[in-house]
S.K.: 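Pasting in a structure now, in structure tokens, and then I'll have a few things to ask.
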Amino acid sequence: MNALEGLKVLELGQLIAGPFASKTLAEFGADVIKVEPAGVGDPLRKWRLLRDGSSVWWEVQSRNKRSVCLDLRSAEGQEAARALALEADVLIENFKPGTLEGWGLGWEQLHALNPRLIMLRISGYGQTGPYRDKPGFGVLGEAMGGLRHLTGEPGRVPVRVGISLGDTLSALHGVIGVLTALHHRTAHGGEGQFIDVALYESVFNVMESLLPEYDAFGAVREAAGSALPGIAPSNAYRCGDGQYVLVAGNGDSIFRRLMRAIGRPDLEDDPRLAHNDGRVRHVEALDAAIEAWACERGRDEVLAALDAAGVPVGRIYSVADIARDPHYQARGMLVETQTADGRSLKVPGVVPKLSATPGRIAHPAPRLGEHDADLLRAGWPARAS
């Protein structure tokens, strides 16, 4: 049995944050019914690179789900959604606050129908506060949450990570909220509740010491390129063949091994550098010493030398590197699947890895409205195995 087998999840969201949360639940056995508008479906079906008119990203985001088409703006569609919500354990949505209330599908209405229902609500700024009605996307959450201020090279335009990180962080916080609410409902005899996840708060929650450092010292952390300010040495270093390696030599014993490996016993034994706070004060000299050593060697030689010394080191992977890496393969992270039309597609494996009830890819992403015929207006459709 899968860990979440028997859990019924109704997905009313679209694009990234809400659907990523339900994807994660579906990978561990939850029965997810995804509601899409007829004719066009979730816009993600047409995002990024398309094969035969359909996004290959869609195949990852919607695996293990079922698709039914409802017009939530119509009375008939709203009634069908209410019938599904009546039996659902979890409802996931990422519309602008107030949208579901306008359709008669808000928290108060659905909680009255199904007191056990848990409702995950993901939005740009949350369900309350002065910004609640502003439209919000992941990139804005990354900016308001403080991340965008730190990315890029000092003095240059802030850059974004090339994925929708704010959405995914929000989805994962949403999954934490859902599992916590399910435990409360089961273990403590509680009713359902709604979970309010804001994109900017999900980003802000992983910003480590940003706020206390500002409050205690008035310090405004700025962009630092490939370095990790306040932790030393930890940076990207150029090698003699023009390639880069990433070195994390910031543990006290690791630092000593690193200095020994690069032939700098003077730095290894320098009492000023024994601990991180001292190394931070001399980080420019340390970075220069490491890079001077690396520049005399090719990347593979640097990697081999630091691996042998027990120093955390790695290279920068492209997706081509990922696709042929033996460790990815051994860990089951490169999975060969078949899409609904029978075509082969390699997709990421399931994370995290549970020893007794691991997640799985049981069904390909659905065709638009594939399960409309199974939709029972008076009850949750039974799923064929």
Side-chain angles (χ1 to χ4, degrees), residues 138-139 141-143 145-166 168-169 203-211 213-214 219-264 267-268 273 275-322 325 327-328:
V139 62
E142 293 162 23
L147 179 64
R148 195 67 171 264
H149 188 73
L150 302 183
T151 54
E153 297 291 335
R156 303 188 66 179
V157 61
V159 299
R160 73 170 297 173
V161 178
I163 56 169
S164 303
L165 186 61
T168 308
L169 283 173
V203 174
F204 182 59
N205 193 38
V206 300
M207 295 307 292
E208 301 177 351
S209 60
L210 201 69
L211 180 60
E213 288 176 357
Y214 174 72
V220 177
R221 186 169 161 186
E222 302 291 346
S226 61
L228 188 58
I231 301 175
S234 182
N235 213 330
Y237 302 96
R238 185 179 178 89
C239 302
D241 55 5
Q243 302 293 317
Y244 286 85
V245 295
L246 303 174
V247 180
N250 44 283
D252 293 348
S253 60
I254 294 172
F255 171 73
R256 291 192 293 273
R257 294 198 299 271
L258 172 59
M259 293 301 102
R260 199 175 311 138
I262 69 171
R264 293 299 302 267
L267 299 178
E268 177 189 357
L273 308 177
H275 303 294
N276 182 70
D277 56 343
R279 293 193 294 271
V280 168
R281 289 193 288 271
H282 301 279
V283 65
E284 292 182 2
L286 291 175
D287 281 344
I290 297 167
E291 186 148 292
W293 174 82
C295 280
E296 295 177 353
R297 295 158 176 81
R299 182 191 67 185
D300 291 346
E301 184 182 353
V302 170
L303 292 170
L306 296 187
D307 273 336
V311 174
V313 63
R315 60 189 178 91
I316 299 169
Y317 274 52
S318 71
V319 69
D321 297 319
I322 290 171
D325 186 273
H327 193 78
Y328 270 87

S.K.: Give me the atom names and distance for the closest heavy-atom approach of A261 to L306.
M.R.: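 Shortest heavy-atom separation between A261 and L306 comes out as CB-CD2, 3.9 Å.
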S.K.: For I163 and T168, run side-chain contact (heavy atoms from CB on, under 4.5 Å): C-alpha distance rounded to whole Å, both residues' side-chain angles, the deciding distance at 0.1 Å, then the answer.
M.R.: CA-CA 9 Å; I163 56 169; T168 308; 5.8 Å; no
S.K.: How about CD on E284, more than 12 heavy atoms from neighbouring residues, nucleotides or ligands closer than 6.0 Å, or not?
M.R.: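 No - once you tally the heavy atoms of other residues, nucleotides and ligands closer than 6.0 Å, there are 12 at most.
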S.K.: D241 side chain to R299 main-chain N or O, any donor-acceptor pair under 3.5 Å?
M.R.: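 Side chain of D241 to backbone of R299: a pair is present.
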S.K.: Say you draw a straight line from OH of Y328 to CG of D321; how long is it, rounded to the nearest 0.5 Å?
M.R.: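 Going from the OH atom of Y328 to the CG atom of D321 covers 9.5 Å.
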S.K.: Can you name the closest pair of heavy atoms from V283 and A232 and give their distance?
M.R.: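 So the two residues come closest at CG2-CB, 3.7 Å.
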S.K.: Can you measure from CG (L303) to CG (L246) and round to the nearest 0.5 angstrom?
M.R.: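 Reported to 0.5 Å precision, the distance equals 9.5 Å.
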S.K.: Is the closest side-chain heavy-atom distance between V220 and E222 below 4.5 Å?
M.R.: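 Yes - at least one pair of side-chain heavy atoms lies under 4.5 Å apart.
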S.K.: Within the distance-only criterion (no hydrogens, no angle test), does the side chain of T151 pair as donor or acceptor with the backbone N or O of R160 below 3.5 angstrom?
M.R.: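 No, T151 side chain to R160 backbone: no donor-acceptor pair under 3.5 Å.
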S.K.: Examine distances only and state if a side-chain atom of N276 and a backbone atom of G230 form a donor-acceptor pair shorter than 3.5 Å.
M.R.: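 Yes; judged by distance alone, with no hydrogens or angles, the pair exists.
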S.K.: Let me confirm one number: the CD1-CD distance from I231 to E208, rounded to the nearest 0.5 Å.
M.R.: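 Result: 7.0 Å between the selected atoms.
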S.K.: Atom CD in E268, atom CD1 in I262: separation rounded to 0.5 Å?
M.R.: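 Separation between the atoms: 10.0 Å.
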S.K.: Minimum heavy-atom separation for P154 to A223, with atom names?
M.R.: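 Of all heavy-atom pairs spanning P154 and A223, the closest is CG-O, 3.4 Å.
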S.K.: At what distance, to the nearest 0.5 angstrom, does OG of S226 lie from CG of D287?
M.R.: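 So the OG of S226 and the CG of D287 are separated by 8.0 Å.
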S.K.: Minimum heavy-atom separation for R148 to P158, with atom names?
M.R.: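 Residues R148 and P158, closest heavy atoms: O-CB, 3.2 Å.
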S.K.: Given the ring of F255, does R257 sit roughly above its face, with NZ or CZ under 6.0 Å from the centre of the six-membered ring and within 45° of the axis?
M.R.: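 Not satisfied by the 6.0 Å and 45° rule.
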S.K.: Please give me the minimum heavy-atom distance between L258 and V247, naming the atom from each residue.
M.R.: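 Looking at all heavy atoms of both residues, the closest pair is CD2-CG1, 4.0 Å.
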S.K.: Over all heavy atoms of both residues, which pair between L150 and M207 is shortest? Give the atoms and the distance, please.
M.R.: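 Closest approach of L150 to M207, heavy atoms only: CD1-CE, 3.5 Å.
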S.K.: Is there a side-chain contact between L169 and E142 (heavy atoms, below 4.5 Å)?
M.R.: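 SC-SC contact between L169 and E142 ruled out.
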S.K.: Is there a side-chain contact (heavy atoms from CB on, under 4.5 Å) between H282 and L267? Walk through the geometry before answering.
M.R.: CA-CA 11 Å; H282 301 279; L267 299 178; over 6 Å; no
S.K.: To the nearest 0.5 Å, tell me how far R221 CZ sits from S209 OG.
M.R.: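 Spacing of CZ (R221) from OG (S209) equals 6.0 Å.
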S.K.: Are V302 and Q243 side-chain neighbours, meaning at least one heavy-atom pair lies under 4.5 Å?
M.R.: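 V302 does not reach Q243 side chain to side chain.
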S.K.: List the steps and the verdict of side-chain contact (heavy atoms from CB on, under 4.5 Å) for R279 and D252.
M.R.: CA-CA 10 Å; R279 293 193 294 271; D252 293 348; 3.0 Å; yes
S.K.: Would you indicate whether the side-chain heavy atoms of M259 and I290 approach each other to under 4.5 Å?
M.R.: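 Of all side-chain heavy-atom pairs linking M259 with I290, at least one is under 4.5 Å.
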